[in-house]
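Step one of this worksheet: look at the structure below.
Values reported hereafter were calculated over all heavy atoms of this structure, with side chains retained and with hydrogens, waters and symmetry mates removed. Ligands are counted one by one from 1 in listed order, and the atoms in each one are counted from 1 as well. Keep in mind the model is a prediction, meaning the values are calculated, not measured.
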Amino acid sequence: MSFGRQPIANGFLSASEFADEYFFEMEVAICEACATFQLINQPDPERMFHSNYAFFSSLSKHMQQHFKKWADSVTETFLRPVKDPLVIEIGSNDGIMLRNFKKAKIRHLGIEPSENVAQIALDQGINTVCCFFNEQTASEIIKSHGKADVVLAANVMCHIPNIQNVAQGISKLLKEDGVLMFEDPYLGDMLNKTSYDQIYDEHVFIFSAISVSEIFKPHGLELINVEPQITHGGSMRYTFGRIGRHKVHPSVRNIIQKEKFSKFDQRSTFDSFKINCEKSKSDLTALLQSLTSKGKKIVGYAATSKSSTVMNYCDINSDLIAYISDTTPIKIGKFSPGCHIPIVSHDEFSNSYPDYALLLAWNHATEIFEKERSFYASGGRWISFVPKVEILK
Ligand code: TYD
């Protein structure tokens, strides 16, 4: 299945960079061996994660609370029983998770390849090294810090093409009774909600419980728990331990049975998904065109990475969407990848409300609706495309 020509999803750019913009053909497939839904081609990591990386985790208050809750539960369950424990986070971004361990005076280390976000964490005294995690990095960490009690990763594992090498590194890095916990957008949510916007250059994999079990098994790690999360539009938190060292929670057997029943490991499931994506595309473009032809002003709300797939797949340009408002300083004043829609500050949105706002950060809907009551009160309406294209009541 192809989503056509796609740019770097976080590649916000200036007008002078339009001519040299990089594009790739975004095609997806399911692996016959491990049932992992994945991109067939991906740009080089250095094109996506660099010193101008535009994603800062700490901008969302709800995400700050989510990571605090997670850090507290990791501490209670896995770290308190251990003397001088060590927690390592792969892809620690601006330190949104690790700051909680720092506060609790727990030994911690973040591994973050994007310099600018890593620097924010370092400035707050959060121990961070700026590099990509792999088997070699794992050996270096063992030498400098020793083995880890817990390895964490949030919205990171699905970004790593050489996942086998990373799984090997994690297996080396964990103590005998150590655990790996990671969460990523869940395949089940993507299929149920037709949220194809989860697929973009950085998300090389969209995991299921079946697929992660298969990926980590050859490295001596077994899935011991799964916990669904509402974050990122529907995610799954997976916990792994060394085979036979931990009790396996019944949730694991339940979810694998459910996934097999729903045929997550079979091609026919993805043929239906393709049809749903095509319908979503034609419904969205028809709605935007019809409102535009009636003279309505439509803008985009939040220049998310996800929105890049929607905009480019549906070929939505600035004739349909006047601008996209966003709170990230590094994005403001630039243009959206591929479709070149201007990115403006939130003030521009609140100073003169449009008729309609396309909710591009639909995964943050609760937080956004709370903040934007006066937009609705002024007569403004939200357009959503997940799980279906509609003007929200
Ligand atoms: P997120 O869904 O985390 O993005 P991604 O698809 O990139 O993973 O949303 C983060 C982006 O949304 C970021 O550019 C900031 C923007 N945003 C707003 O502009 N306003 C808001 O109220 C929220 C919650 C996010």
Candidate with minimal heavy-atom separation from [atom], of [options]:
{"atom": "atom 24 (C) of ligand 1", "options": "K331, H364, E370", "result": "H364"}
{"atom": "atom 5 (P) of ligand 1", "options": "G300, S305, S308", "result": "S305"}
{"atom": "atom 12 (O) of ligand 1", "options": "A303, A302, G233", "result": "A302"}
{"atom": "atom 21 (C) of ligand 1", "options": "K371, H232, H62", "result": "K371"}
{"atom": "atom 13 (C) of ligand 1", "options": "D326, T366, T231", "result": "D326"}

ask   = Between Y200 and K306, is there a cation-pi geometry (under 6.0 Å to ring centre, at most 45° from the normal)?
value = no
task = With R381 as the cation and Y376 as the aromatic partner, state whether NZ or CZ is under 6.0 Å from the six-membered ring centre and within 45° of the axis.
result = yes
inquiry  = In terms of relative ring orientation, are H232 and H364 parallel, tilted or perpendicular, with 30° and 60° separating the classes?
reply    = perpendicular
task = Classify the ring geometry between F240 and F216 as parallel (under 30°), tilted (30 to 60°) or perpendicular (over 60°).
result = tilted
With heavy-atom distances below 4.0 Å as the criterion, list the atoms of ligand 1 near [X].
{"X": "K306", "answer": "1 (P), 2 (O), 4 (O), 5 (P), 6 (O), 8 (O)"}
{"X": "I368", "answer": "22 (O)"}
{"X": "T328", "answer": "13 (C), 14 (O), 15 (C)"}

query = Does any N or O atom in T327 lie less than 3.5 angstrom from one in ligand 1, N or O only?
reply =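 Looking only at distances, the answer is yes, because the N/O contact criterion of under 3.5 Å is met.
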message = Do the side chains of E176 and R242 get close enough for a salt bridge, i.e. N-O under 4.0 angstrom?
response = yes
key: Partner of F3 by ring pair (Phe, Tyr, Trp, His ring centres under 6.0 Å), out of F23, Y313, F24   = Y313
message = When you compare the side chain of L284 with that of C314, does any pair of heavy atoms fall below 4.5 Å?
response = yes
